[in-house]
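Working notes for the structure below.
Scope of the values below: all heavy atoms of this structure, side chains included, with no hydrogens, waters or symmetry mates. Residues: numbered from 1 along the sequence shown.
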Amino acid sequence: MNAFTKNDLKAWDTYFADSLKFHAAAYGQDAPDSTLNLSAARLRLEGFHTIVKNINAKFEYLLPGVDPVSYKPNGLEVRMYGTMSSESISNGTKMSHKIYQIYTFNKDHKIVDIDEYFDITGAVLVATAPKK
């Protein structure tokens, strides 16, 4: 997240396995074929940086994923609860919204799967709205 907020996507790449599956938060993105691979996820993030600036992420909680039967940490996932803020480049609107993501790691400590939950569609609509 910190590499993303700084628009350092080369550093961002180093945290992910080539086999990344990114389940993005966007309207209509629940279809099985809507999962993004590493290059598509990177392209999406690059696009976000073209419409907003001053991106800041505040991590409120980082919690382990748990086994659904035993409720003990599974050692594979981290759940992130946070707040992301930014400012529209075109209209100056300042935005802040809650974000929730689940990261799944492989044995090499690279992220192989991201499930993302927040209103990205609303953020894009606000960021690209005409200047008032």
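- R44 places a side-chain heavy atom less than 4.5 Å from the side chain of F22.
- M1 and Y81 are not part of a single hydrophobic cluster, where members link through side-chain heavy atoms under 4.5 Å apart.
- Residue D18 places its CG atom among 12 or fewer non-hydrogen atoms of other residues, nucleotides or ligands, all under 6.0 Å distant.
- We find the CG-OG1 distance between L45 and T5 to be 11.0 Å, quoted to the nearest 0.5 Å.
- Looking at N91, its side chain does come within 3.5 Å of a backbone N or O of A129 through a donor-acceptor pair.
- Under the ring pair (Phe, Tyr, Trp, His ring centres under 6.0 Å) criterion, Y15 pairs with no residue, sequence neighbours left out.
- V126 is listed as a side-chain neighbour of M95, based on a closest heavy-atom distance under 4.5 Å.
- For the ring pair (Phe, Tyr, Trp, His ring centres under 6.0 Å) test, no residue two or more places apart in sequence or in another chain qualifies with Y103.
- Under a 3.5 Å cut-off, the side chain of S90 and the backbone N or O of A127 do form a donor-acceptor pair.
- Linking ILVMFWY residues whenever their side-chain heavy atoms come closer than 4.5 Å, directly or via other members, leaves I102 and F105 in distinct clusters.
- A chain of hydrophobic side-chain contacts below 4.5 Å, direct or via other Ile, Leu, Val, Met, Phe, Trp or Tyr residues, connects L36 to V124.
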Side-chain donor-acceptor pairs of residues 58-73 under 3.5 Å, sequence neighbours excluded:
{"from": "E60", "atom 1": "OE1", "to": "K98", "atom 2": "NZ", "distance (Å)": "3.4"}
{"from": "E60", "atom 1": "OE2", "to": "T83", "atom 2": "OG1", "distance (Å)": "2.4"}
{"from": "D67", "atom 1": "OD1", "to": "V69", "atom 2": "N", "distance (Å)": "2.8"}
{"from": "D67", "atom 1": "OD1", "to": "S70", "atom 2": "N", "distance (Å)": "2.8"}
{"from": "D67", "atom 1": "OD1", "to": "S70", "atom 2": "OG", "distance (Å)": "3.4"}
{"from": "S70", "atom 1": "OG", "to": "K72", "atom 2": "N", "distance (Å)": "3.2"}

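- Under the 4.5 Å side-chain criterion, counting only non-hydrogen atoms from C-beta, I111 is in contact with L20.
- Side-chain contact check for D113 versus E77: every heavy-atom pair is 4.5 Å or farther apart.
- How far OG1 of T93 is from CG of L125: 12.0 Å, rounded to the nearest 0.5 Å.
- The nearest pair of heavy atoms linking W12 to A3 is N-CB, 3.7 Å.
- Residue Y100 is tested with R79, M80, E116 for a side-chain contact (heavy atoms from CB on, under 4.5 Å); the sole match is R79.
- The distance from atom OG of S39 to atom CD of E46, rounded to the nearest 0.5 Å, is 10.0 Å.
- Between L9 atom CG and R42 atom CZ the span is 4.5 Å, to the nearest 0.5 Å.
- Within the 3.5 Å criterion, the main-chain N or O of F4 finds a donor-acceptor partner in the side chain of H49.
- In this structure, the side chain of K110 engages the main chain of T14 through a donor-acceptor pair within 3.5 Å.
- Residue H97 holds its NE2 atom at 8.0 Å from CG of D119, rounded to the nearest 0.5 Å.
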